[in-house]
Amino acid sequence: MTTVRFLTGITTSGTPHLGNYVGSIRPSVRASLAANVESYYFLADYHALIKIDEPARIQRSTLEIAASWLAAGLDPERVTFYRQSDVPEIPELTWLLTCVTGKGVLNRAHAYKAAVDKNTASNLDPDMDVTAGLFMYPVLMGADILMFNAHKVPVGRDQIQHIEMARDMANSFNHRYGEHFVPPQAEIEESVATLPGLDGRKMSKSYDNTIPLFAPREQLKKLIAGIVTDSRAPGEPKEPEGSALFQIYQAFASEEEAQAIRKAYADGIAWGEAKQVLFERIDREIAPMRAAYEDLINNPAKIETILLAGAAKARQRATPFMAELRHAVGLRRLGEQTKADKKKTVKTALPNFKQYREADGRFYFKLVDAQGNLLLQSLGFASPKEAAQTIAQLQREGESALTVHASHLQPTVGDARQVVAALALLAAGN
C-alpha cells in the first residue's frame, strides 16, 4: 500500500477560529487516522513574523493553536507535530529554493500584488511598507512543504497559488540538480474550503470577523447571534445560497441536517431561530473538546514537551535530507563528487543533441560531436514536442530512424558514417 504524506500548518498570529477548524484542523485530523497516511502538522511561527511584531502575541497564539489541534484529536504519537522554528533545516532550504525561484513568479503572488495594488490606488510608492518577508512568503511556504516531500497539502481555495508555486520550485530544483522533490498537490474539501465570518466575508483574523474555536458556550452563542443577515421577516422564504448562517451550518451538519435546514429556510424560518439552530449544532461538536482544550492551555509545559519531541522526529527526516540537498548543489567537502556529476562528466564526452527555437518561431535541433562539431541539422518543427520525439527516435533507433525522418533533416554534413556512429554511441550511453 502506497503511503501518502499530508502536511498542513496554521500561522501563529491569532486565536484559532471555526474557519481554521473546518478548513484545516478537522480534515487534517481525520486524514491522519488513515492507515496509508503519513502526516505532518506544524505551527508556522516564522510566517507570523511577516505580519506580527508582538512577541507575546505570537507566543500565546502558538500555545492556543497547539492546544486546539491536540484537543481536536491529533495524536502526536501517530503524526509528526512540530513548531516550524524548531526545525532549522526549513530556513536553510528556503535559501536554496530562493536561488531557483524567479522574481517574476513572486511578483504574481496574491499577497504581494494586493499590497502593491493598495498602495498604487492610494498614490503611494508601490512597495510602501512591503517587507522582503511578505515578498518571500511563498518561498518559505514552499520550503515547509518540500522539506518533507508532502504529496497532499490541505488548503483553502485562496491558497492554491502557493501550492502551484511550490510545485514550480520543486520542478526548477529537480531540473538543475536531479530528482529530489515531489511536486505537491493541493487538497481541498469544496464544501468547507472557505467559511464566512460574522460580516459575511471570509472568516479571517485580518477582517476581525472570526468566531474563536473554543469560545465559552455563552460567548459562542452571543457571537453567532451577531452574524449579519438580511431584513427578511419570519415567514418569508429565505435563500440558503449566500447566507453566512447556512454556509457555516453546512460545514458542521450531515447531509440530512443540511437538507432539513434548507427546507426550513424555504418555509420562512426566523433568523433568530436559524441562529439558535446553528449555535446548538456547533456546540454539540465543540463542547466535548472544550474541556481538553482548557486543560492543555493551562499546562503549557506539557505542550512544550510534545512540540520538542515532534521537532526531534521531524529532524530525523529533515537533517539527512538537507545534507543530501547541500551535497546536490555543491555545498560539500572538497574532492567529493555525486553520482549525477559523474554521469554528467561521462555525457560530456559523448555526442549530444541541442534543441532550440529560431526567430521564425519554429523549433530545431542539431547533433554535435564531443568537440562541438556539427554532424546533423534538422529542419523546423511546429512544436518542441515534435522535435523532441524525433530526437528520441533517433537516439533509440539510430540509422533506421535517419531514413524515416529524412524529410525533416538537412543533408548530412561531412561523412554520413560519423552520424551513424554518433547515434550508436548515444544509444550505448543510454
Side-chain angles (χ1 to χ4, degrees), residues 3 5 7-9 38 40-50 80 82-109 112 131-151 153 162-185 307-350 352 354 429:
T3 297
R5 286 185 295 276
L7 178 142
T8 194
E38 181 182 335
Y40 292 82
Y41 302 94
F42 67 97
L43 308 174
D45 50 353
Y46 278 141
H47 286 292
L49 297 176
I50 294 169
T80 303
Y82 58 98
R83 183 169 36 206
Q84 184 186 35
S85 60
D86 287 334
V87 183
E89 290 81 6
I90 291 173
E92 183 174 4
L93 176 56
T94 300
W95 180 248
L96 298 191
L97 296 178
T98 297
C99 295
V100 300
T101 303
K103 179 177 180 291
V105 173
L106 299 179
N107 286 342
R108 295 189 290 273
Y112 173 67
T131 66
L134 175 65
F135 186 71
M136 296 297 298
Y137 179 98
V139 186
L140 178 56
M141 188 169 181
D144 291 325
I145 297 165
L146 299 179
M147 185 79 261
F148 302 102
N149 270 330
H151 300 109
V153 185
H162 288 137
I163 311 307
E164 292 173 345
M165 287 182 167
R167 289 178 61 83
D168 289 342
M169 293 171 205
N171 290 327
S172 181
F173 190 97
N174 289 347
H175 177 72
R176 287 171 172 80
Y177 302 111
E179 297 294 319
H180 296 279
F181 295 119
V182 174
Q185 297 283 348
L307 292 177
L308 291 178
K313 187 176 178 181
R315 296 195 69 197
Q316 287 176 5
R317 184 182 186 96
T319 301
F321 186 42
M322 196 65 231
E324 173 190 323
L325 298 176
R326 287 173 60 89
H327 195 78
V329 301
L331 304 179
R332 59 178 84 133
R333 294 184 181 280
L334 302 182
E336 291 184 5
Q337 191 177 34
T338 65
K339 292 180 181 178
D341 291 336
K342 292 176 182 176
K343 185 176 180 181
K344 186 175 181 180
T345 300
V346 172
K347 283 189 174 182
T348 58
L350 293 173
N352 65 95
K354 298 182 182 295

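Not measured: the values here are computed from a predicted model.
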Worksheet, complete the sentence: Tightest non-hydrogen contact, residues His151 and Thr3, listed as CE1-O, 3.6 Å
Worksheet item: So, the side chain of Ser172 versus the backbone of Val100: is there a donor-acceptor pair under 3.5 Å, distance only?
Response: yes
Worksheet item: Do Arg167 and Gln185 have side-chain heavy atoms sitting under 4.5 Å apart?
Response: yes
Worksheet, complete the sentence: Residue pairs passing the salt bridge (charged side-chain N to carboxylate O under 4.0 Å, His left out) test with at least one member in residues 85-101, sequence neighbours excluded, are Arg83-Asp86, Glu89-Arg315, Glu92-Arg326
Worksheet entry | Arg5 side-chain N/O to Asn149 backbone N/O, donor-acceptor pair under 3.5 Å | yes
Worksheet item: Side-chain contact, heavy-atom cut-off 4.5 Å: Met141 with Ile163?
Response: yes
Item to complete: Report yes if some heavy atom in the side chain of Pro184 is under 4.5 Å from a heavy atom in the side chain of Leu146; otherwise report no.
Response: yes
Worksheet item: What are the two closest non-hydrogen atoms of Phe148 and Ala318, and how far apart are they?
Response: CE2-CB, 4.2 Å
Discussion item. Once rounded to the nearest 0.5 Å, what's the spacing between atom CZ of Phe173 and atom OG1 of Thr101?
Written reply: 10.5 Å
Item to complete: Please work out whether the ring planes of Phe321 and Phe181 are parallel, tilted or perpendicular, with thresholds of 30° and 60°.
Response: perpendicular
Item to complete: Kindly assign one of parallel, tilted or perpendicular to the pair Tyr82 and Phe42, based on the angle between their ring planes and the thresholds 30° and 60°.
Response: parallel
Worksheet item: To the nearest 0.5 Å, how far apart are CG in Leu7 and CD1 in Ile145?
Response: 6.5 Å
Worksheet item: Would a 4.5 Å heavy-atom cut-off, applied to side chains only, mark Ile50 and His47 as touching?
Response: yes
Worksheet entry | Rounded distance (nearest 0.5 Å) linking atom CD1 of Ile90 with atom CD of Gln84 | 5.5 Å
Worksheet item: Taking all atoms of both residues into account, what is the closest heavy-atom pair of Met165 and Pro138, and its distance?
Response: SD-CB, 3.4 Å
Discussion item. Distance check, rounded to the nearest 0.5 Å: Leu96 atom CG versus His180 atom NE2?
Written reply: 10.5 Å
Fill in: Short side-chain to backbone donor-acceptor contact, Arg108 and Gly104, under 3.5 Å
yes
Worksheet entry | Spacing of Leu325 atom CG and Leu97 atom CG [to the nearest 0.5 Å] | 8.5 Å
Response to the item:
Output for pair (Thr80 OG1, Gln316 CD), nearest 0.5 Å, gives 8.5 Å
Worksheet item: Salt bridge between Arg317 and Glu38, side-chain N to carboxylate O under 4.0 Å?
Response: yes
Discussion item. Testing the basics here: between Val87 and Pro91, what is the closest heavy-atom pair and its distance to 0.1 Å?
Written reply: O-CD, 3.5 Å
Item to complete: Give the intermediate values and the outcome of side chain to side chain contact (heavy atoms under 4.5 Å, CB included) for residues Val139 and Trp95.
Response: CA-CA 8 Å; Val139 186; Trp95 180 248; over 6 Å; no
